[in-house]
S.K.: 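Got a structure for you, questions after.
Note that ligands are numbered from 1 as they come in the structure, with each ligand's atoms numbered from 1 the same way. Everything quoted here is computed from the prediction, not taken from an experiment.
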Amino acid sequence: MTQKIIFSGIQPSGNLHIGNYIGAIRQWVKLQDQMTDRDGNELIFCIVDLHAITVYQEPKILREKIKEVAALYVACGIDPQKAHIFVQSENPDHSCLAWIFDCIIPLGWMKRMTQFKDKSATQKDSTTVGLFNYPALMAADILLYDTTHVPVGEDQRQHIELTRDIAERFNKIFSPTFSLPRPMIDKSAPRIMSLQSPRSKMSKSDKDPGGTVNLLDPPEEIRNKIRRAVTDSGKEIRVGADKPALTNLLTIYAKFSGKSVKEIELMYQGKGYADFKNDLAEVVIAALKPIQQKYQALRQDSAGLEKILDDGRNFAGGKSAKKTKQVRTAVGLGRYTTRK
Ligand code: AQP
């Protein structure tokens, strides 16, 4: 087996929700459980706070969310004995490499990024240069660690392709420095949609709190949100292109219960939305309960959480320092070939 270096991250830009769990963290845990460290495999999971500030974050809240996301990674099953967890901004090599990439990426490449087009359309006047440069920072995150695979959602495929193009361009202009990472897109990890507007994805930054079920929501709040979730016209509980709301709710039910969508459709044949929603709420509450309990325990042991993040930072910094030295030498930066 060949060595796998896996890198991924989540922005501490709000409350983590069931979409982040089903679409990202649960895949990471699956990968972790499939991998051994025998072949020199590495798992690196970052809390990407530099990405988060591409949109304004209230400083006190941001600092709290960074710890919250770290504790949630572990509560959801990331094992700090098997994976490295660290905070992006604690390793300055990320922003240094992003700047170097900014200086070699043709403007046209960045202008093609559809995520920027989508996000900037909702931000209008408050769109920042940072949001535009987001993919350069993401490329730096990935390439600093000789990442081989990046588990991401389908929406990030374009950014990974750009990362490969940046690596190739750097290697060609200067000298072979970066290996090319591959996206790892789990087709069984669906995109979870907002409970209030099921054609938009569930999102941390959704202005409507009713659209998002957060991993730390108390049971009563989960019941309320699911009870108020929009449904489609008609009475049948089934998936279909004409039923975006039910498709989403059935997907959530399936992902948290382990049952197939078909089985669930059969269970609710002839039954009403109220029964279905009540049961769905209980399924979600039961699945989140152990995560919430582990989270509370971790937050009470602040020294333990600090140690996980310190160890992660030391590992990441040690590894990226070697790559940064190679990059600085290749580009001709500084008076020395090594960092003083
Ligand atoms: N609704 C979703 N369904 C499935 N997967 C999702 N992810 C996010 N939303 C869903 C996956 O979670 C990871 C988080 O990525 P991120 O924090 O970098 O930002 P994002 O994708 O933009 O997530 P949000 O929640 O929508 O945050 P905001 O509102 O701050 O932009 C990724 O792997 C993503 O695929």
S.K.: Indicate yes or no: does K262 engage E265 in a salt bridge with an N to O separation below 4.0 Å.
M.R.: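 Counted as a salt bridge, because a side-chain N and a carboxylate O are separated by less than 4.0 Å.
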S.K.: What is the ring orientation for W28 with Y73, classed by angle as parallel under 30°, tilted 30 to 60°, or perpendicular over 60°?
M.R.: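 If you compare the ring of W28 with that of Y73, the planes turn out perpendicular.
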S.K.: What protein heavy atom lies closest to atom 25 (O) of ligand 1? Include the residue and the distance to one decimal.
M.R.: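 I find the closest protein heavy atom is H17 NE2, 2.8 Å.
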S.K.: Using a 4.0 Å heavy-atom threshold (strictly under), name the region of P190 that reaches ligand 1: side chain, backbone, both or neither.
M.R.: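 Answer for P190: backbone.
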S.K.: Can you sort out which atoms of ligand 1 are near G153, meaning under 4.0 Å from one of its heavy atoms?
M.R.: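 Numbered from 1, ligand 1 contributes 35 (O).
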S.K.: Look at R299 together with E64 and state whether they make a salt bridge at an N to O cut-off of under 4.0 Å.
M.R.: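 The answer is yes: the pair qualifies as a salt bridge.
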S.K.: For ligand 1, which atoms, with element, lie under 4.0 Å from some heavy atom of I192?
M.R.: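 Reading through ligand 1 atom by atom, the close ones are 1 (N), 2 (C), 3 (N), 4 (C).
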S.K.: For atom 28 (P) of ligand 1, what's the nearest protein heavy atom and its distance?
M.R.: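 That would be S205 OG, 3.6 Å.
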S.K.: Checking the N or O distance criterion of under 3.5 Å, is ligand 1 in contact with R191?
M.R.: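 No; the residue has no nitrogen or oxygen that sits under 3.5 Å from a nitrogen or oxygen of the ligand.
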S.K.: Do the rings of H51 and Y134 sit parallel, tilted or perpendicular, given the 30° and 60° boundaries?
M.R.: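 It falls in the tilted class, 30° to 60°.
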S.K.: Got a salt bridge between D165 and R169, using NZ or NE/NH1/NH2 to carboxylate O under 4.0 Å?
M.R.: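 No salt bridge links D165 with R169.
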S.K.: Are any of the heavy atoms in Q156 under 4.0 Å away from ligand 1?
M.R.: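 Contact check Q156 vs ligand 1: negative.
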S.K.: Between Q88 and D141, is any side-chain donor less than 3.5 angstrom from a side-chain acceptor?
M.R.: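 Indeed, the side chains of Q88 and D141 share at least one donor-acceptor pair under 3.5 Å.
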S.K.: Kindly confirm or rule out an N or O of A24 lying under 3.5 angstrom from an N or O of ligand 1.
M.R.: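 By distance alone, the answer is no.
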S.K.: Report yes if some N/O of D206 lies less than 3.5 Å from some N/O of ligand 1; otherwise report no.
M.R.: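 In fact, backbone or side chain, D206 has no N or O that close.
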S.K.: Salt bridge or not for K323 and D93, using N-O below 4.0 Å?
M.R.: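 The answer is no: the pair does not qualify as a salt bridge.
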S.K.: Under 4.0 Å from a heavy atom of K201: give me the atoms of ligand 1 that qualify, with their elements.
M.R.: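 Contacts of ligand 1 toward K201, numbered from 1: 1 (N), 8 (C), 9 (N), 20 (P), 21 (O), 22 (O), 23 (O), 24 (P), 26 (O).
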S.K.: Should the pair D310-R313 be classified as a salt bridge under the 4.0 Å nitrogen-to-oxygen rule?
M.R.: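 Between R313 and D310 there is a salt bridge, with a charged N closer than 4.0 Å to a carboxylate O.
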S.K.: Out of P151, G19, G9, indicate the one that has the non-hydrogen atom closest to atom 4 (C) of ligand 1.
M.R.: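 Answer by nearest heavy atom: G19.
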S.K.: Can K65 and N15 be counted as having a side-chain donor-acceptor contact under 3.5 angstrom?
M.R.: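 Yes.
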S.K.: Does the protein place any heavy atom closer than 4.0 Å to atom 14 (C) of ligand 1?
M.R.: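 Protein heavy atoms within 4.0 Å of atom 14 (C) of ligand 1 - there is at least one.
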S.K.: Would you call K225-E221 a salt bridge at under 4.0 Å N-O?
M.R.: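 Salt bridge present between K225 and E221.
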S.K.: Number the atoms of ligand 1 from 1 as they appear, then name those within less than 4.0 Å of a heavy atom of M202, with their elements.
M.R.: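 Ligand 1 atoms under the 4.0 Å threshold to M202: 1 (N), 2 (C), 9 (N).
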S.K.: Could you find the nearest protein heavy atom to atom 26 (O) of ligand 1 and give me its residue, atom name and distance?
M.R.: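 Heavy-atom neighbour on the protein nearest atom 26 (O) of ligand 1: S203 OG, 2.6 Å.
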S.K.: Decide whether E42 and Q3 meet the rule of one side-chain donor and one side-chain acceptor closer than 3.5 Å.
M.R.: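 The answer is no; no qualifying pair exists.
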S.K.: Looking at ligand 1, does N20 have a heavy atom less than 4.0 Å from it?
M.R.: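 The answer is yes: ligand 1 sits under 4.0 Å from a heavy atom of N20.
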S.K.: For atom 30 (O) of ligand 1, grab the closest protein heavy atom and report residue, atom and distance to one decimal in Å.
M.R.: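 The answer is S13 OG, 2.6 Å.
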S.K.: K119 heavy atoms, cut-off 4.0 Å: which ligand 1 atoms fall inside?
M.R.: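 Those qualifying, in numeric order: 22 (O), 31 (O).
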S.K.: May I ask you to identify the nearest protein heavy atom to atom 17 (O) of ligand 1, giving residue, atom name and distance to one decimal place in Å?
M.R.: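 Answer for atom 17 (O) of ligand 1: K204 NZ, 2.5 Å.
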S.K.: Considering heavy atoms of the protein only, find what lies nearest to atom 19 (O) of ligand 1 and give residue, atom and distance to 0.1 Å.
M.R.: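 So the nearest neighbour among protein heavy atoms is Q11 NE2, 3.2 Å.
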S.K.: Take H94 and Y145, measure what ring pair (Phe, Tyr, Trp, His ring centres under 6.0 Å) needs, and give me the verdict at the end.
M.R.: CA-CA 10 Å; H94 290 248; Y145 300 99; 5.6 Å; yes
